[in-house]
Amino acid sequence: MRESHEPEPGGPERWPVAGGPPFDPERFRCEGRVVVDWIADYWASLPTHRVLADVEPGEIAGRLPAAAPECPEPLAAVLGDLERIIVPGLTHWQHPGFFAYFPANASGPSILGELLSAGLGIQGMLWTTSPAATELEGIVVDWLRQLLGLPDRFRLGGEGGGMIQDSASSGLLCCLVAARERSAAVGPGQGVVYASADAHSSAVKGAKIAGFPAAAIRRIDTDGSGRLRPDLLEAAIRDDTAAGRVPCFVVATVGTTARGAIDPVAAIGTIARRYGAWLHVDAAWAGTAAICPEYRALVVEGAELADSWGTNPHKSMLVNFDCHCLWIASRHALGGALSTKPEYLRTAAGDSGAVVDYSDWQVSLGRRFRALKLWMVLRMIGAETLRQRVRDQVAWTAEFAALVALDPAFEILSPPSLALVTFALRAGDEATAELLTRVNRTGSVFLSHARVGGRHAIRLAVGGTLTSRADVLGAWGVIAAAAADPDPASKERGPGAGER
Ligand SMILES: *Cc1c(COP(=O)(O)O)cnc(C)c1O
C-alpha cells in the first residue's frame, strides 16, 4: 500500500488537477491507471491486513465531513482518504484468511468486466435499450447452464430461460410472485409457502414482501443431517389443503447456510407437483459446484422437477458481487406475473414477442450489464480452472476437518459438505462462542457461527480467491493455538498480532 498521498515522482501530470469536464478521455486514462494500480496494490497487500475490521460503531463516520465539498478535489485526495479512513474500517472479504459466511470472491477478469460495464454505462432493461446486453446475457447464462448440467427445460430459446439478477433473494421473490399468480384461484391469504427450518432467511423475507402472512409460512423440520423431511412436507401440505388453503410455493435448499445440507430435491419436487405447488431450488452457494461432473448428481438432482433454480456465481465462482443466475421453466409464468408495460416501455421488438425484455423478469426496471463479468470469467479463467478450484477447496476442507477430528477438545458438528464444515469445542456453547471471538480477534482469520443440531457451531467456509491450502491449514493452527491458550491478553498484545 502506498505510504504517501503526495504526487508520485514522475511529475504532477500523474495526478491531474481536479475539475474540468465530467468525462475527459485523457484525464480518465490517467486516473484510471492510478486506480487500477491502487487495486493491484490492495490485493498484493491483503495478507498484511486484519481480516475483520476493528472499529467501534460511528468511528469511521466520525472521521468524515458531514457535508459534501463545494469545490472539486483531486483523485489523490480521495484515494488518500480511502487508504487512511475507509480501508481500516473494512472487513477484507478478499483476504486469504476469510472463512466466514460464504465467500463473495472476485477475480481480475470479473473486476475488469465490472469496470467495462460501468464504462459502457448502458441500461439493459429492454432488448431495444441494448440488444447485445440482453443477447450476451442469454448466451452466457446458457453456457453456465450447460456447464452445471441443468436440464433442457431451462435452455435458451425454449419455454423457459435464464437470466442474471442482483441476488438470490430477489430471484426467489420474483419466482414467489409468479407462483402466487399461477395459483390465481387463491383468495387473499390462502396461499401457503413451505421451506425447511434451515432454509435461508430470504425465503421468509420474500414471503413477507410478497404479502404472505406469517401464518402462511411453514418451516418444515429437518432430519439429523439438516435436510428437509419430505414426509413432514407432505403432511403439512395435506393439512393445508384439507383446511381449504392452497400450497403455493416450496423452497428446496441445495446447500443450507448453517451446514451445507442438501435437501432431497427429487422427493420434494414430486410432492410439489402432486399438489400443484411451484418448486424453487435455492442453490445459491452450492450450485456452482455442479461444474464438476462428480458433484453434479448431488447438486442438480431433481432439477427437472423445478419451476425455478438459482445459484450465485458471486459466491465461489470468481464473479464479484452481484451476479445471481436464475433459470425458470416457464418464461410465460414469470413474465406474465411481473410484466407491466406502460406505453413508454413498449417497443416493436418487445411487442413482437421475438425478444425477452429482462426487466419483465425482475423487481427493478433498470438493469446493469452483469453478463460482461460472467463472460469474462468464463472466457479468461475457464471451466477447467473453475473446476480445479472447487476440487481443491473441497479437499482442503476435508483435510481441515480431519485435523479438527483428531483434537480431543473439539468435535465435528456437521461433516464437510463441499467446502463447508462446522465444529465446536466439547466444552460447550459458551466456550465455543468465546473461542470464536478470540480467534477472530487475532486478525489473521475470520470465521462465523451458526446453530447446528441445537449447538453453537463454528463454520469454516473455504472459497476465497487467494485462499490456499496453507491458509486453510493455517486457520486450524490459529484455532488450535487459541484453544490451547485461553488467555486472550497474550493473544491481543503479542508481537505480530493481526499479521500473517
Ligand atoms: C447466500 C445465500 C442466499 C442469499 O443470497 P443473496 O444473493 O445475497 O440474496 C440465499 N440462499 C442461500 C442458500 C445462500 O447461500
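Along the sequence shown, the residues carry numbers beginning at 1. Order of appearance sets the numbers: ligands from 1, and atoms from 1 within every ligand. Predicted, not measured: the structure shown is a model, and the values here were computed from it.
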Determine whether the side chain, the backbone, both or neither of D166 has a heavy atom under 4.0 Å from any heavy atom of ligand 1. neither

Under 4.0 Å from ligand 1, counting heavy atoms only, is it the side chain of S169, its backbone, both or neither? both

Any chance the rings of H324 and H314 have centres within less than 6.0 Å? no

Using ring centroids (six-membered ring only for Trp), state whether F369 and W375 fall under 6.0 Å. no

for atom 8 (O) of ligand 1, nearest protein heavy atom and its distance come out as S167 CB, 4.3 Å

For atom 7 (O) of ligand 1, find the nearest protein heavy atom and state the residue, atom name and distance (0.1 Å precision). A168 N, 2.8 Å

Evaluation steps, ring pair (Phe, Tyr, Trp, His ring centres under 6.0 Å), between F400 and F423: CA-CA 11 Å; F400 177 96; F423 55 97; 5.5 Å; yes

Below 3.5 angstrom, do we get any N/O pair linking N312 and ligand 1? yes

Run Y42 and H49 through ring pair (Phe, Tyr, Trp, His ring centres under 6.0 Å) and show every step you take. CA-CA 10 Å; Y42 171 73; H49 288 282; 5.7 Å; yes

Using a 4.0 Å cut-off to any heavy atom of [X], which atoms of ligand 1 qualify?
| X | answer |
| --- | --- |
| D282 | 10 (C), 11 (N), 12 (C), 13 (C) |
| G255 | 13 (C) |
| W285 | 15 (O) |
| S202 | 10 (C) |
| F102 | 15 (O) |

Any side-chain donor near an acceptor of the partner, [X] and [Y], under 3.5 Å:
| X | Y | result |
| --- | --- | --- |
| H332 | S330 | no |
| T253 | D282 | no |
| S107 | T465 | no |

Identity of the nearest option to atom 15 (O) of ligand 1, non-hydrogen atoms only, from H314, K315, H200: K315

Is the NZ or CZ atom of R387 both under 6.0 Å from the centre of the six-membered ring of Y295 and within 45° of that ring's axis? no

